[in-house]
Amino acid sequence: MALSLFGPAVIAVLFLVLLPDRVWASDSSPIGGGVKITYGSVIKLMHERTKFRLHSHDISYGSGSEQQSVTGFPDADDSNSYWIVRPQLDSSARQGDVISHGTIIRLQHMTTRRWLHSHLHASPLSDNLEVSCFGGDDETETGDHWKLEIEGAGKIWKQDQRIRLRHVDTGGYLHSHNKKYQRVIAGQLEVCGVEEKRADNIWFAAEGVYLPVNENN
């Protein structure tokens, strides 16, 4: 099993343990280079403008759905910002397959095993679409489906590409901004969904463990 070590000025050590259908990773430094992202890879998504990572934790919203909250987190070395890239429900895709523009994917929070999710509840700070974590290894639905939109000319998802994730059921783009929580998760940014393309919809893959591409890709 090949591991990618990233960071031009930092020697990073990654530990990868493979259990049936599970991938675990330690921290790495921010990446650079164009390595293809494949199903089964464990990644952090960095919000382009704020540089915060997409994050979740076992803390529920106090309003709306009251599901597990999703935020933007400022520190690169936090283990609760890892997400496993999974195919959509009923897909024939396999671990190690590459992911192209327009593909529907799911992101599973590595620590809690819940899925990045959205619905028509209002987000706590901005009254946009709430983004939460929902379900588990044996519980997932179409509300966990996100369409990958690659910015620019590239058609295969790579580490250095700017992307948007559009929620299939609601049409909302995964979004963050400067609105910060003040209690319990103070200093973390709101993550929500908005219906139109904005500069604050842009994310890219940062730290992670990237599984090698299947030979037939």
Side-chain angles (χ1 to χ4, degrees), residues 1 3 14-28 37-47 52-62 64-73 75-97 99 103-119 121 123-124 129-148 157 163 165 167-170 172 174 176 181 184-185 188-193 203 205-211:
M1 178 63 66
L3 302 185
L14 298 178
F15 298 97
L16 179 63
V17 178
L18 288 179
L19 298 173
D21 199 34
R22 294 182 183 226
V23 181
W24 300 90
S26 72
D27 269 331
S28 72
I37 297 171
T38 59
Y39 289 118
S41 294
V42 182
I43 68 172
K44 293 184 179 182
L45 284 177
M46 182 187 289
H47 187 242
F52 280 48
R53 273 70 169 175
L54 184 70
H55 174 93
S56 192
H57 36 226
D58 197 12
I59 300 173
S60 299
Y61 288 120
S65 70
E66 299 184 352
Q67 292 177 2
Q68 182 171 299
S69 57
V70 172
T71 65
F73 197 82
D75 299 332
D77 61 353
D78 184 80
S79 62
N80 278 323
S81 300
Y82 280 114
W83 302 84
I84 307 171
V85 184
R86 305 288 196 194
Q88 70 178 96
L89 288 167
D90 301 321
S91 171
S92 61
R94 300 170 300 159
Q95 183 168 288
D97 284 352
I99 306 167
T103 299
I104 295 172
I105 66 171
R106 294 175 297 161
L107 292 174
Q108 186 175 27
H109 189 239
M110 191 183 73
T111 306
T112 65
R113 312 302 293 175
R114 296 188 174 101
W115 304 93
L116 186 68
H117 184 86
S118 191
H119 35 220
H121 290 283
S123 62
L129 296 168
E130 183 190 272
V131 172
S132 65
C133 266
F134 173 80
D137 285 325
D138 300 319
E139 185 180 7
T140 182
E141 56 168 64
T142 60
D144 309 329
H145 284 175
W146 298 83
K147 184 178 181 181
L148 175 71
W157 191 9
I163 67 161
L165 290 173
H167 189 247
V168 173
D169 283 357
T170 65
L174 187 68
S176 192
Y181 291 98
V184 183
I185 48 177
Q188 297 181 37
L189 298 181
E190 182 185 62
V191 171
C192 58
W203 303 78
E207 301 85 0
V209 175
Y210 296 82
L211 300 190

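When only modelled atom types and interatomic distance are considered, Thr142 and His145 share no side-chain donor-acceptor pair under 3.5 Å. A side-chain N or O of Thr111 and one of Asn80 form a donor-acceptor pair less than 3.5 Å apart. With 3.5 Å as the limit, one finds no donor-acceptor pair spanning the side chains of Thr38 and Gln95. Under the 3.5 Å distance criterion, with hydrogens and angles disregarded, no donor-acceptor pair is assigned to the side chains of Ser60 and Gln67. Ser56 and Arg114 share no side-chain donor-acceptor pair at under 3.5 Å.
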*After noting the C-alpha distance and the side-chain angles of Val85 and Trp157, does the key distance pass the side chain to side chain contact (heavy atoms under 4.5 Å, CB included) rule?*
CA-CA 12 Å; Val85 184; Trp157 191 9; 4.2 Å; yes

*Run the numbers on Ile43 and Tyr82 for side chain to side chain contact (heavy atoms under 4.5 Å, CB included), then give the verdict.*
CA-CA 5 Å; Ile43 68 172; Tyr82 280 114; over 6 Å; no

_Pair Gln108, Asp137 - check side chain to side chain contact (heavy atoms under 4.5 Å, CB included), show working._
CA-CA 9 Å; Gln108 186 175 27; Asp137 285 325; 2.7 Å; yes

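Here the straight-line distance linking atom CG of Leu45 with atom CD1 of Ile163 works out to 5.5 Å at 0.5 Å rounding. Interatomic distance, His121 NE2 to Ser132 OG, rounded to the nearest 0.5 Å: 8.0 Å. The CG atom of Asp77 sits 5.5 Å away from atom CG of Asp75, with the distance rounded to the nearest 0.5 Å. Taking SG from Cys133 and CD from Gln68, the interatomic distance works out to 5.0 Å, rounded to the nearest 0.5 Å. Taking CD of Glu207 as the reference point, atom NZ of Lys44 lies at 5.0 Å (rounded to 0.5 Å). A distance of 5.0 Å separates OG in Ser118 from CG in Leu129, rounded to the nearest 0.5 Å.
Partners of Trp115 by ring pair (Phe, Tyr, Trp, His ring centres under 6.0 Å), not counting sequence neighbours: none found. For the side-chain hydrogen bond (donor to acceptor under 3.5 Å, both in side chains) test, residues two or more places apart in sequence or in another chain that qualify with His119 are His117, Glu130. Contacts of His55 classified as ring pair (Phe, Tyr, Trp, His ring centres under 6.0 Å), with partners at least two apart in sequence or in another chain: His57, Phe73.
Using a 4.5 Å cut-off on side-chain heavy atoms (C-beta onward), Glu190 and Thr71 make no contact. When side chains are defined from C-beta on, Val42 does not count as touching Tyr210, because their heavy atoms never get closer than 4.5 Å. Side-chain contact between Ser176 and Phe52: absent, with no pair of heavy atoms (C-beta onward) separated by less than 4.5 Å.
Each of Asp144, Leu116, Leu174 was evaluated against Leu107; a single residue qualifies, Leu116, per the side chain to side chain contact (heavy atoms under 4.5 Å, CB included) test.
At distances below 3.5 Å, not a single donor-acceptor pair connects side-chain atoms of Arg113 with backbone N or O atoms of Gly136.
Taking both residues in full, the closest heavy atoms of Val131 and Gly193 are given as CG2-N, 3.7 Å, listed atom of the first, atom of the second, then distance. Tyr61 approaches Val191 most closely through the heavy-atom pair OH-O, 4.3 Å. Between Trp146 and Leu165, the shortest heavy-atom contact is CE3-O, 3.8 Å. Listed here is the closest heavy atom pair of Tyr181 and Pro124: OH-CG, 3.7 Å.
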